[in-house]
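Numbers here simply count residues along the sequence, with the first being 1. Only heavy atoms go into these numbers, but all of them, side chains included; no hydrogens, no water, no symmetry mates. Please read these numbers as outputs of a predicted model, since none were measured by experiment.
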Amino acid sequence: MERSLIILKPDAVQRGLMGPIISRLEQRGLRFAGLKLMRVDEALARRHYAVHEGKPFFASLVEYITSGPVVVAAITGNNVIATIRNTVGATNPSQAAPGTIRGDYAVEIGRNLIHASDSPENGEKELALFFAPNELVELERSTDRWIYE
């Protein structure tokens with residue numbers, strides 16, 4: 001089982017796209033293990049985007065993700081990273097295929113609606129930034145039912 005973080009960025013929340021985006025992910029068969037609406041403060045934004053520190057666009061990433069409310073979600077399942085990234089589409093919306101979230105709803109790379117973890121390792125690291133262990137529920141593999149830890 002893989003786990004991934006997604007963030008519906010401030011533009012998704014502002015444009016009222018939370019429902020349609022979450023619905024698309026659910027329709028793919030993805031299972032949500034955690035979901036919350038929140039504001040990202042500067043310290044958390046800097047930790048989340050630490051891999052980009054020193055790059056010319058780092059400050060704008062931090063400024064943007066802290067500019068308004070976001071929805072963060074933990075998603076769990078087999079091959080969840082690839083499934084989410086295929087559903088989300090290319091980072092640059094002009095290169096995202098029609099039928100993907102970014103291909104259908106996003107217009108520019110700086111406002112591309114959604115973040116998705118790019119590897120199982122980063123999924124775990126990112127989830128730890130945004131969720132305490134007791135905020136997540138897990139699917140019990142043998143019975144296909146949710147358990148609360």
Can you give the donor-acceptor pairs under 3.5 Å from side chains of residues 88-97 to other protein atoms, not counting sequence neighbours?
| from | atom 1 | to | atom 2 | distance (Å) |
| --- | --- | --- | --- | --- |
| Asn92 | OD1 | Ser94 | N | 3.1 |
| Asn92 | OD1 | Ser94 | OG | 2.9 |

List the atom pairs, donor and acceptor, that lie under 3.5 Å between side-chain atoms in residues 50-59 and the rest of the protein, sequence neighbours left out.
| from | atom 1 | to | atom 2 | distance (Å) |
| --- | --- | --- | --- | --- |
| His52 | ND1 | Lys55 | NZ | 3.4 |

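Considering only residues two or more places apart in sequence or on other chains, Glu63 meets the salt bridge (Lys or Arg N to Asp or Glu O under 4.0 Å) condition with none of them. For Glu124, the salt bridge (Lys or Arg N to Asp or Glu O under 4.0 Å) partners two or more places apart in sequence, or in a different chain, are Arg3. For Asn78, the side-chain contact (heavy atoms from CB on, under 4.5 Å) partners are Met1, not counting sequence neighbours. In this view, Thr87 and Arg28 satisfy the side chain to side chain donor-acceptor pair (under 3.5 Å) rule, not counting sequence neighbours. Residues satisfying the side-chain contact (heavy atoms from CB on, under 4.5 Å) criterion with Val72, sequence neighbours excluded, are Leu5, Ile7, Lys36, Met38, Val70, Phe130, Phe131. Applying the side chain to side chain donor-acceptor pair (under 3.5 Å) rule to Asn79 yields no partners; only residues at least two apart in sequence or on another chain are considered. Applying the side chain to side chain donor-acceptor pair (under 3.5 Å) criterion to His48, with sequence neighbours excluded, gives no partner residue.
Between Ala116 and Ile84, the shortest heavy-atom distance links the atoms CB-CG2, 3.6 Å. For the residue pair Leu129 and Leu44, the shortest heavy atom distance occurs at O-CD1, 3.7 Å. Among all heavy-atom pairs drawn from Ala106 and Leu113, the shortest one is N-CD1, 3.7 Å.
For residues 90-105, the salt bridge (charged side-chain N to carboxylate O under 4.0 Å, His left out) pairs, not counting sequence neighbours, are Arg24-Asp104. Residue pairs meeting the salt bridge (charged side-chain N to carboxylate O under 4.0 Å, His left out) criterion with at least one member in residues 77-95, sequence neighbours excluded, do not occur. Sorted by first and then second residue, the pairs that involve residues 5-22 and meet side chain to side chain donor-acceptor pair (under 3.5 Å), not counting sequence neighbours, are Lys9-Asn112, Asp11-Tyr64.
There is no path of hydrophobic side-chain contacts, each under 4.5 Å, that joins Val62 to Ile109. Hydrophobic clustering places Ile22 together with Leu37 (ILVMFWY residues linked when any side-chain heavy atoms are closer than 4.5 Å, directly or through intermediates).
For the pair Ser117/Ile81, a side-chain contact is recorded, criterion being any heavy-atom separation below 4.5 Å from C-beta on.
Glu42 and Arg46 are joined by a salt bridge, as a carboxylate oxygen and a charged side-chain nitrogen come within less than 4.0 angstrom of each other.
The OH atom of Tyr49 sits 5.5 Å away from atom CG of Leu61, with the distance rounded to the nearest 0.5 Å. If you take OG on Ser67 and CZ on Arg39, they are separated by 8.0 Å, rounding to the nearest 0.5 Å. Separation of atoms CG (Leu127) and CG (Leu136) is listed at 6.5 Å; rounding is to 0.5 Å. One distance of note links CD1 of Ile114 with CD1 of Ile21; it measures 5.5 Å at 0.5 Å rounding.
For the side chain to side chain contact (heavy atoms under 4.5 Å, CB included) with Val71, the lone residue among Leu35, Leu17, Ile6 that qualifies is Leu35.
A donor-acceptor pair under 3.5 Å is absent between the side-chain atoms of Glu2 and the main chain of Pro120, judged by distance alone.
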